[in-house]
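Side chains included, hydrogens not; waters and symmetry mates left out as well; all remaining heavy atoms used. Here is how names work: the chains are called A, B, and so on, in the same order as the sequence lines, proteins then strands, and each is numbered from 1.
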There are 2 protein chains.
Amino acid sequence: MASRTADTTRSDADRGPQTRPGGRSARVRTAVHRAVVELLAEGPAEQLTMPLIAARAGVHPTTVYRRWASLGDLLAAVAESRFTGDLVVPDTGSLRGDLRRWATDVATDLTDPETLAIIRAALGASTEGGCACIGERRTQLGSMLDRERDRGGVVPTVDRAADVLMGPIYFRALFTEQPGDADWARDLADALVDHCTGTAAPSPA
Amino acid sequence: MASRTADTTRSDADRGPQTRPGGRSARVRTAVHRAVVELLAEGPAEQLTMPLIAARAGVHPTTVYRRWASLGDLLAAVAESRFTGDLVVPDTGSLRGDLRRWATDVATDLTDPETLAIIRAALGASTEGGCACIGERRTQLGSMLDRERDRGGVVPTVDRAADVLMGPIYFRALFTEQPGDADWARDLADALVDHCTGTAAPSPA
DNA sequence: GCGTCAACGCAACGATCGCTGCAATAATGC
DNA sequence: GCATTATTGCAGCGATCGTTGCGTTGACGC
């Protein structure tokens, strides 16, 4: 599985100056987030309620109601905190190497049922749930392309790279039973780089 | 918008011989399905409950509880009935023409907020919700490829076609704010056919 | 240390959910 | 047409949800 850092403190949205994200608040936030992840991994998302989450987190329901406006907001927050600072952007020296590594990392990450459950729930809850899931991934992609451009290479747009790489990876993970393995993801990266540099090989399939 | 046929009767899962899918049952089914679609288009999916659906459909809640085991089942049924017999498989005489037309149709269909809301909800509710949404689309893709193969053409696998076409289309619709227009979808189809026949053009982007 | 105030726990409430008796309706086969 | 019975409507119930007021805890500035 891809490297995953611990739950970060103080990321909920920069609070005003009169705020105390100190020890207790941070613990509550972490516990609630963990509870959401666990419950999503265990049962269907439709019967995920605030009191249930609170009970699992060992926190009073009132606290959950007061800190997160709705279940959708909570899910979006969980998704965002889970998908930021999560994956280390590869730096292998070549665009092909970077994209290969990154694509296989992302595909591997989406193998985890917990991760998938979070994405599903965040998508279903609110309209902006999807952006919270992939926002960080998209900027990662952009930084790798920028690096190659600085090296003087020809690079596709971020949109095109997202279409070719993230499109199939997320599509398979969400809609099919075959999540796509590392080799498959590597081929996706190769196809993007090959098509970009003009060295297109006839389809092997 | 893509052509969309009326809600089909008698598709819920072939009932046993001792069943009465006659007039009233069909009407109730249609009304409930329509209520789900309407409510999903109006408000957030998280506060979609059985009694609410029943009230909108003009049906007693008990009926909904008895006919559909859970909200997830109901959403999956709605998605399945919405995405079957929906899009006419194009037959233009060439694979490129077929895929161009099909891709633009699918992309256009996903522009509809109602359709998007159904997919989101079905994905979030149950694990198999995704398959219900794209199962029919995948077979459509397969039939077009089969037709080209019968004509003697070189065709990609269904998996590859789904990766290249459905991947970006569904990804953009679900995760980004730019759903992808007709020209963009047409380019996706062209890229697939070009890469398949070996006539690859250097990236324009 | 010590006071202040944001954040949490507690108790209680109305509303709604999900379900289960039984009666009424209408689709189906004869 | 008529009997059968799958299907729906109705009333009512326990459980849980989402919220509010108030007291308590503990993080932060001094």
Side-chain angles (χ1 to χ4, degrees), chain A residues 7-36 39-40 42-75 77 121 124-126, chain B residues 7 9-36 39-40 42-75 77 121 125-126:
Chain A
D7 224 26
T8 66
T9 337
R10 186 196 295 259
S11 83
D12 240 345
D14 299 34
R15 305 290 184 71
Q18 312 204 0
T19 266
R20 299 179 182 176
R24 188 166 62 163
S25 290
R27 278 197 304 274
V28 168
R29 204 187 72 97
T30 302
V32 169
H33 281 211
R34 183 202 307 275
V36 170
L39 289 173
L40 278 179
E42 292 175 9
E46 58 175 302
Q47 57 193 28
L48 186 72
T49 62
M50 298 291 233
L52 198 65
I53 296 169
R56 172 64 65 100
V59 166
H60 204 269
T62 317
T63 302
V64 182
Y65 281 116
R66 279 201 264 250
R67 281 189 58 145
W68 292 275
S70 70
L71 191 60
D73 288 354
L74 175 53
L75 287 173
S126 68
Chain B
D7 225 22
T9 336
R10 183 196 296 262
S11 80
D12 240 346
D14 300 29
R15 305 291 182 69
Q18 311 205 357
T19 267
R20 297 179 182 176
R24 188 167 61 162
S25 289
R27 278 196 304 275
V28 168
R29 205 188 70 98
T30 302
V32 169
H33 281 209
R34 182 200 307 272
V36 169
L39 290 173
L40 278 179
E42 292 176 9
E46 58 176 303
Q47 56 195 27
L48 187 72
T49 63
M50 299 290 232
L52 198 65
I53 296 169
R56 172 64 66 102
V59 166
H60 205 270
T62 320
T63 302
V64 183
Y65 282 116
R66 280 201 266 251
R67 279 187 63 143
W68 292 275
S70 69
L71 191 61
D73 288 353
L74 175 53
L75 286 173
S126 68

Roughly how far, to the nearest 0.5 Å, is [atom2] of [Y] from [atom1] of [X]?
X     : Y     : atom1 : atom2 : value
B/R67 : B/T63 : CZ    : OG1   : 8.5 Å
B/L74 : B/R29 : CG    : CZ    : 10.5 Å
A/L39 : A/R34 : CG    : CZ    : 12.0 Å

Which nucleotide wins on minimum distance to the side chain of [X], given the candidates [options]?
X     : options                : result
B/Y65 : C/dC19, C/dC8, C/dC22  : C/dC19
A/R24 : C/dT25, D/dT20, D/dT25 : D/dT25
A/R27 : D/dG21, D/dA27, D/dT8  : D/dA27
B/T62 : D/dT7, C/dC8, D/dC10   : D/dC10

Side-chain-base donor-acceptor pair under 3.5 Å for A/R66 and C/dG9: yes

Using only side-chain N and O atoms of A/R67, determine if any of them is under 4.0 Å from OP1 or OP2 of C/dC8. yes

Report the C-alpha separation of A/S25 and A/V28 in whole Å, then their side-chain angles, then the decisive distance to 0.1 Å, and conclude whether the side-chain contact (heavy atoms from CB on, under 4.5 Å) test is met. CA-CA 5 Å; A/S25 290; A/V28 168; 5.7 Å; no

At a heavy-atom distance below 4.0 Å, what parts of residues 45-60 of chain A sit against DNA chain D? A/T49, A/M50, A/P51

Does A/V64 reach the side chain of A/P61, with side-chain heavy atoms less than 4.5 Å apart? no

From CZ of B/R29 over to P of D/dT8, roughly how many Å is that when rounded to an integer? 12 Å

For the helix from C/dG1-D/dC30 to C/dC30-D/dG1, measure the angle between the helix axis at one end and the axis at the other, each built from five pairs, rounding to 10°. 60°

Return all side-chain donor-acceptor pairs below 3.5 angstrom for residues 43-60 of chain B, not counting sequence neighbours, or 'none' if the list is empty.
| residue | atom | partner | partner atom | Å |
| --- | --- | --- | --- | --- |
| B/E46 | OE1 | A/L71 | N | 3.4 |
| B/E46 | OE2 | A/G72 | N | 3.3 |
| B/T49 | OG1 | B/L52 | N | 3.4 |
| B/R56 | NH1 | B/E38 | OE1 | 2.8 |
| B/R56 | NH1 | B/E42 | OE2 | 3.0 |
| B/R56 | NH2 | B/E42 | OE1 | 3.0 |
| B/R56 | NH2 | B/E42 | OE2 | 3.3 |
| B/H60 | ND1 | B/T62 | N | 3.3 |
| B/H60 | ND1 | B/T62 | OG1 | 2.8 |

